[in-house]
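Some notes on the structure that comes next.
Because only heavy atoms are used, hydrogens play no part in the values below, and waters and symmetry mates are left out as well, while side chains stay in. Per chain, numbering begins at 1; letters A, B, ... match sequence-line order.
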Protein chains: 2
Amino acid sequence: MTKYEQISNEMRKRIKEGTYSIDHPIPDELSLAKEFGCSRMTIKRALDILVMEGLLYRKRGHGTFIVKSGIQGNQVNVVDKENLGLTGLLKHKKITSKIIQFDVLFPSEEVAAQLSIDSNTPVYHIIRLRNVEGEPFVIEETFMPTNVIGGINEEVLHSSIYQHISQTLGLTIGGAHRKIRADKPNELDQEYLDCAPDDPILEVEQVAYLNTGIPFEYSFSRHRYDKFVFTTVNIRR
Amino acid sequence: MTKYEQISNEMRKRIKEGTYSIDHPIPDELSLAKEFGCSRMTIKRALDILVMEGLLYRKRGHGTFIVKSGIQGNQVNVVDKENLGLTGLLKHKKITSKIIQFDVLFPSEEVAAQLSIDSNTPVYHIIRLRNVEGEPFVIEETFMPTNVIGGINEEVLHSSIYQHISQTLGLTIGGAHRKIRADKPNELDQEYLDCAPDDPILEVEQVAYLNTGIPFEYSFSRHRYDKFVFTTVNIRR
DNA sequence: CAGTGGTCTAGACCACTAC
DNA sequence: TAGTGGTCTAGACCACTGT
C-alpha cells in the first residue's frame, strides 16, 4: 500500500464519518502535508483519487470541498468496480452455470474483426446460462481466441472465466467497450430465461481487452429485463 | 495550455502517425524529459493521459508500449465525450423537440432525494419528445430544481437545455450516475414513439451533477429499441 | 548488473479568489 | 496582500525485469 493510498483511505474515512464540516473547505494541502508528514504533492495525489470518486471538488483560490451528495451512498470505488464479470459483480450470491454450448470454431468475419484476429485463428464459442440464487438471470454467448486465453474446460466454465484469466493465466484485464440495447426475446431466451414473447431483453455487447490492448473476449449477454440494471458512473475530468 | 498537455498532444500525434515502432517500447521517460526540456514528472503526467485514453500501456521494468488496437479508430478522448445531452451527441443530425408537458411542481419524495433538495423546493417538470431527422427517437422526462438552473422557457426546451446551462448560465457539468434498463412500453411511449405493444424500450435513468457536486437533473429517457444503443468505454487504471 | 517505470521530496512560481 | 490550488523542477530511492 503506497503512502498516497493510505492517506486517500484515511481522508475518505474522515469525510464519510463527518470529521470535517460540510460547509467549509477541508484543511488546505500544506496543512495536510504537515499532519501526514509528507510533501504537498503526495497529498495532492491522495486527494486526486477522492476527486475522481466524486467525493471532493476543488475551487482554485478557495479550497477543497466535500461533495454533499457524495457522502451518502456506500458506492466506494464505484468507478473501478465495473468489468469483473458476473462472479465478481455478484459476490455473496450463489451463481450456477449451465453450459448450453461449448465448442471451438473458426470465427466469422465479424467476430474476427472484433477480436483483431484473422479467420484462421480458432476461437472458443461458449453459450452459458447463468443462474443467480437458482433463478435464470442471463444468457452469455462468448467468443475468445484460443491463442490468447487457452486452457478453457468445463470446470472453468462452471465457475468463472475471469478468475481463470487473472489467477491461473496471470493476465491483467484492461478495459472494455460495451454497447447496451433492448431487444425482443429470441427462442433461446424464451426457453432458458423463461420469459414471455413480449418480455424485453437487455443485451450487453462487449469487447474486453487485456491491459496490453489485446482483445480477449467478444460477448453478448442477454438479461431478463426485470432482474438487471446496468449502472455507470461518469465523472468529468 | 499547460506543458504536460502540449507534450501529451505531441506524443498522441506521433503515436497515431507511426513515428514509433509498434513492437518496441517508446523512448523511456528520462530521454523524453531531455528531448522536451522538462522534468521526468511532467513527462509522466503527459503519458498518464495517453494511458487513460487507452493509447499506451506500461510494463514495470520493461518500458511503455503502444496499444495496437488503440491506433486505429479515431475516438479521440472517447472517455470524456459522454454526458453532453442529445444535442451534443448527435451533431450534424436534425433534432426537433415536441413539448408534451412543461410545468413547475413540488417534488415527490423520490425526486427530492435524488436531487438532494427538500420537498419545498419547486422543480421544473418537463416531458419532451425528441425527433431525429423527423423520426421519433426518445421521450425524456426531466426534473430540475428551479433554484439551481432557472431561466427555462419554451425556447430553451426547443433547442438544448445543456447548452443553456453551460453557455447562458455559465455552469460546468461535472458528471452523471446512470441506470440503464429494458422495459415494456407504456401508453405515452406507444403514442409518441409510435411503437407496438411488444416493442421493448431502452430506458436511461440519470442524475447529472455540476462540477460542484450539486445535482441539477434527474431524468428518464425512454428510447425506441431499434434506434438507440448506449455505448460505454471502460479503461482500468 | 543496468534499465525501466512507481513513488516521493522540498521547494518554486503561477493563477485565481477574497479581503 | 494573503491564502488557496495548479504546475513544474531536479533530484532521490524503490520495485521489477532481463542479461
Side-chain angles (χ1 to χ4, degrees), chain A residues 1-11 15 20-21 23-67 80 170-172 174 210-213 235-237, chain B residues 1-11 15 20-21 23-67 170-172 174 211-213 235-237:
Chain A
M1 174 92 76
T2 59
K3 191 180 282 194
Y4 69 84
E5 283 175 310
Q6 291 174 35
I7 296 172
S8 186
N9 290 339
E10 169 63 22
M11 291 301 291
I15 291 165
Y20 299 121
S21 159
D23 291 317
H24 296 84
I26 66 170
D28 66 275
E29 296 179 347
L30 213 51
S31 310
L32 288 172
K34 276 179 193 160
E35 183 199 330
F36 285 103
C38 67
S39 77
R40 195 182 142 215
M41 287 296 290
T42 303
I43 290 294
K44 186 177 284 299
R45 192 154 178 196
L47 297 185
D48 275 345
I49 294 173
L50 303 181
V51 170
M52 287 208 286
E53 286 178 5
L55 220 56
L56 293 176
Y57 67 99
R58 295 186 173 107
K59 265 189 176 174
R60 205 190 187 113
H62 286 263
T64 302
F65 299 80
I66 296 173
V67 171
D80 297 345
L171 301 172
T172 305
L210 299 176
N211 67 338
T212 56
I235 297 162
R236 280 274 185 91
R237 270 175 297 271
Chain B
M1 175 91 77
T2 59
K3 192 181 281 194
Y4 70 83
E5 282 174 310
Q6 291 173 35
I7 295 172
S8 184
N9 290 339
E10 169 63 21
M11 291 300 292
I15 290 164
Y20 300 121
S21 160
D23 291 317
H24 296 83
I26 66 169
D28 66 275
E29 297 178 347
L30 212 52
S31 309
L32 288 172
K34 275 178 193 160
E35 184 200 328
F36 285 103
C38 66
S39 75
R40 196 182 141 216
M41 287 296 289
T42 304
I43 290 294
K44 186 176 286 297
R45 191 155 180 194
L47 296 186
D48 275 345
I49 294 172
L50 303 182
V51 170
M52 288 207 284
E53 285 178 5
L55 219 58
L56 293 176
Y57 68 98
R58 297 187 173 106
K59 264 189 177 174
R60 206 186 186 116
H62 285 263
T64 302
F65 299 81
I66 296 171
V67 171
L171 301 172
T172 305
N211 65 339
T212 55
I235 298 162
R236 277 274 185 92
R237 274 174 294 270

| note | Assign each of G61(A) and M1(A) the nucleotide of DNA chain C bearing its closest heavy atom; nearer the 5' end lies the nucleotide of M1(A)
| E29(A) (side chain) donor-acceptor with I43(A) (main chain) under 3.5 angstrom | no
| query | Base, sugar-phosphate, or nothing: which does K44(A) touch, judged by heavy atoms less than 4.0 Å apart? | reply | base
| Expressed in angstrom and rounded to an integer, what is the separation of Q6(B) atom CD from dT7(D) atom P? | 13 Å
| field | Value in whole Å for how far the C1' atom of dT7(C) lies from CD1 of I49(A) | value | 12 Å
| task | Round to a whole Å and report the spacing from CD of E29(A) to P of dT9(C). | result | 14 Å
| field | Separation of atom NE2 in H24(B) from atom P in dT17(D), rounded to whole Å | value | 20 Å
| message | With a 4.0 Å cut-off on N to O distance, would you call K34(A) and D28(A) a salt bridge? | response | no
| message | Tell me the interatomic distance from K3(A), atom NZ, to dA15(D), atom P, rounded to whole angstroms. | response | 14 Å
| said: Any donor-acceptor pair, under 3.5 Å, between the side chain of R45(B) and the base of dG6(D), if you only look at N and O atoms? | reply: no
| query | Within a strict 4.5 Å, meaning less than it, do heavy atoms of the P27(B) and E35(B) side chains meet? | reply | no
| query | With no angle test and no hydrogens, is the base of dG6(C) tied to the side chain of R40(B) by a donor-acceptor pair under 3.5 Å? | reply | yes
| Nearest to the side chain of T2(A), which nucleotide is it out of dT7(C), dT9(D), dT7(D)? | dT7(C)
| Y4(A) side-chain N/O to dC8(C) phosphate OP1/OP2 under 4.0 Å | no
| task | Could you tell me whether the phosphate oxygens of dT9(D), OP1 or OP2, come under 4.0 Å of any side-chain nitrogen or oxygen in T42(B)? | result | yes
| request: Measure the shortest side-chain to side-chain distance between L47(B) and L32(B) over non-hydrogen atoms and say whether it is less than 4.5 angstrom. | output: yes
| task | Could you check which of dT9(C), dT4(D), dT9(D) has an atom nearest any side-chain atom of D28(A)? | result | dT4(D)
| Are L56(A) and I66(A) side-chain neighbours, meaning at least one heavy-atom pair lies under 4.5 Å? | yes
| Whole-Å distance between dT7(D) P and I43(B) CD1? | 16 Å
| request: Nearest whole angstrom, please: distance from the P of dG5(D) to the CG of L56(A). | output: 11 Å
| query | Which part of the nucleic acid, if any, lies within reach of R60(B) when heavy atoms closer than 4.0 Å are counted: base, sugar-phosphate only, or nothing? | reply | base
| Expressed in angstrom and rounded to an integer, what is the separation of L30(B) atom CG from dA12(D) atom P? | 12 Å
| note | With the side chain defined as heavy atoms from C-beta on, M41(A) is closest, among dG5(C), dT7(D), dG5(D), to dT7(D)
| Among dC8(C), dG5(C), dT17(C), the nucleotide that comes nearest once only the side chain of H62(A) is considered | dT17(C)
| task | Please state whether the phosphate of dT4(D), meaning OP1 or OP2, lies under 4.0 angstrom from any side-chain nitrogen or oxygen of T64(A). | result | no
